[in-house]
Amino acid sequence: MDAVQENLIEPEESLRPSSSPYSSPFRSTRLHIQRSNVCSRAYFVVVMVFFHVYILNVIALLLYVHYNNGDAGSSSAPDGDSGRSLPHPVPPPGQLHMEDLSQSFALPRIEGIRVGYVQRVSLVPDRTHEMKTISLKPLIFEVPGFLSEEEGRVVVQLAQLKGLMDSQAAAPSQGQEELNQPLLTFSTEEVFSLLDLNQDGLLQKQEIVSHSRSQDETWLSADNLRQILTKLEACPSGMLNLEDFRQVYDETQRPGRQRGGKLYSEFKQKSKHTWLYQGPGSHYVLHALRNRVTSMTRLPSTLVELSEPLQVIRYEPGDFSNAHHDSSPSHSETTCAHTRLAGNKSALTEVSCRYLTILFYLSSVEEGGETTFPVADNRTFEEHALIQDGVDLTDTQETCSRGNLRIKPTAGTAILWYNHLSDGRGWMGDLDEYSLHGDCPVRRGVKWVASSWVNVDPDYQQQARYQRLVAQRHHAKSGMEDHYHSLSHSDLHQDL
């Protein structure tokens, strides 16, 4: 028994650790370490494989996103509201962003907050300007020091060098017989014969439309044309004979008749003006003013670049302009003059579509010459209210002092106002009737001003088509210029 117990005890003792380095327990521990190393290496290999697979997947995902975004960015924006992109930055002088013309835009609008509110704007490097709200209906801002005295002097000199012409709407003095004469010296029979293209004795709609486009409305205004077409549509045959035409035409040619037969004095002004080109190759001061307008209005640069040139006007003592709207209401039978390239061929007449106006005072005036807004900030606007006690408030010669808002010309100051309301979707809405404005007669001194307009078509799709058409023509012209570049350099010449 004792021997058996000793044999049983020996294995237990053999499992105890020994202090000798050459004992068997040390060899057992060494074998255990080797098995742990093998497991660590396998685990490391598995982790590295998964890590590399993960990296490859991330790289593949980045490449996929990159190429898909690149394709989307190269295509033009859709025509719908969802395709309108954010405004583009102001281009550097001498560069026209023609590559952006096919893009769609929204129309940012400055908030007026309240009358007297002042906000700071950055228009030139290392300087901020104060922009003060002076009216909410229409929305008008005043920016003192918009241009320097030197810049104003340069613009005046460029206008004098270009040459000024009399304004088209100069009016004779009161009491002269010209006010009672028709707009044209042709008789009604002669006009009827000129419109009757096929000489069948009947006028159709297309015959009237074909001879009705007149931007200055010396031929037929949009209101006149609406009256004629209303008469035409009332005829069962859809055509006008001479007697029918005589009734409606003689009525439209009476001076002072406008808008449903209400008395409304014809727009009159007396001044001299010229136009200054502000595109590539123009004077650097004109370029700087245009870029400053883009910064202040926060509009896309291409809208400003494709708008009308700068108009410079000189008012001498006694010169004035009656109250008027810079833009026109939108009607189906009219088309915007600036988008006529892509316009509706059946439109009756071309009208000015000006989203906003920026007026620069190039000089101060000793007396008179205020810019007046007769109905600014009125609670309501009613056309018949413009005539008070038999006096027309649009006649600045007689009623300038009655204007709700009058701004005295101060050299270097700029006035910005919106001619249209917003449509609530980021585009141009209806004409703001409160934007009616004029120029009081100059009493002493000479008044120099410059008007900068931003043209926008109220039809969003029409504006987009126009910009695409301009972009296509520009690219085609660029290709021709590259081909014939060595033959001529006359294209380098630009108007003032």
Side-chain angles (χ1 to χ4, degrees), residues 30-111 121-122 125 279-280 291 294-306 339 341-342 422-428 454 456-457 459-483 485:
R30 183 179 181 184
L31 291 176
H32 176 72
I33 292 175
Q34 290 176 349
R35 287 195 299 270
S36 177
N37 288 340
V38 172
C39 293
S40 298
R41 292 193 188 97
Y43 178 77
F44 177 76
V45 170
V46 172
V47 170
M48 292 302 297
V49 169
F50 277 102
F51 178 75
H52 283 79
V53 171
Y54 174 78
I55 294 297
L56 292 175
N57 287 334
V58 171
I59 294 175
L61 180 62
L62 292 175
L63 291 174
Y64 175 80
V65 172
H66 171 74
Y67 284 111
N68 276 272
N69 286 345
D71 294 339
S74 61
S75 60
S76 60
D79 291 339
D81 291 343
S82 61
R84 297 174 184 171
S85 61
L86 294 177
H88 295 275
V90 180
Q95 178 181 349
L96 186 61
H97 278 179
M98 302 302 293
E99 66 275 9
D100 297 332
L101 294 180
S102 61
Q103 299 296 322
S104 302
F105 299 117
L107 299 178
R109 194 176 180 91
I110 305 173
E111 294 293 336
V121 293
S122 179
N291 292 341
T294 304
S295 299
M296 181 172 66
T297 60
R298 306 167 192 173
L299 291 171
S301 58
T302 49
L303 285 182
V304 180
E305 292 166 0
L306 293 178
T339 56
L341 292 175
S422 173
D423 67 350
R425 297 174 295 175
W427 200 246
M428 188 170 79
V454 177
V456 179
D457 197 308
D459 185 343
Y460 179 81
Q461 305 293 342
Q462 183 87 333
Q463 182 72 29
R465 285 193 296 269
Y466 166 67
Q467 293 182 182
R468 287 195 296 269
L469 180 60
V470 173
Q472 293 170 4
R473 293 195 174 190
H474 172 75
H475 293 319
K477 181 180 178 181
S478 298
M480 293 295 293
E481 288 177 351
D482 292 341
H483 182 71
H485 180 72

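Everything numeric in this text was worked out from a predicted model, so none of it was measured.
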**Prompt:** Once you round to the nearest 0.5 Å, how far does CD of E305 lie from CG of L299?
**Reply:**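 Here the interatomic distance stands at 12.0 Å.
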**Prompt:** For the atom pair CG (L62) and CG (N57), what is the distance rounded to the nearest 0.5 Å?
**Reply:**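 Rounded to the nearest 0.5 Å, the CG-CG separation comes out at 11.0 Å.
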**side chain to side chain contact (heavy atoms under 4.5 Å, CB included) partners for V47, two or more places apart** =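 V47 satisfies side chain to side chain contact (heavy atoms under 4.5 Å, CB included) with Y43 once adjacent residues are dropped.
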**side chain to side chain contact (heavy atoms under 4.5 Å, CB included) involving I59 - partner list, sequence neighbours excluded** =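 Here the qualifying residues are I55, L63.
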**Message:** Side chains of Y460 and D423, heavy atoms from C-beta outward: is any pair under 4.5 Å?
**Reply:**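 Not touching, per the 4.5 Å side-chain cut-off.
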Smallest separation among heavy atoms of [X] and [Y], with atom names:
| X | Y | answer |
| --- | --- | --- |
| R298 | P108 | O-CG, 3.0 Å |
| I110 | T297 | CD1-CA, 4.4 Å |
| T294 | S301 | CG2-CA, 3.9 Å |
| Q462 | R465 | OE1-NH2, 2.5 Å |
| M428 | V456 | CE-O, 3.0 Å |

**Request:** Tell me, with the steps shown, if D459 and T339 meet side-chain contact (heavy atoms from CB on, under 4.5 Å).
**Result:** CA-CA 10 Å; D459 185 343; T339 56; over 6 Å; no
**Asked** Is there a donor-acceptor contact under 3.5 Å from the side chain of Q463 to the main chain of D457?
**Response**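 Such a contact is found between Q463 side chain and D457 backbone.
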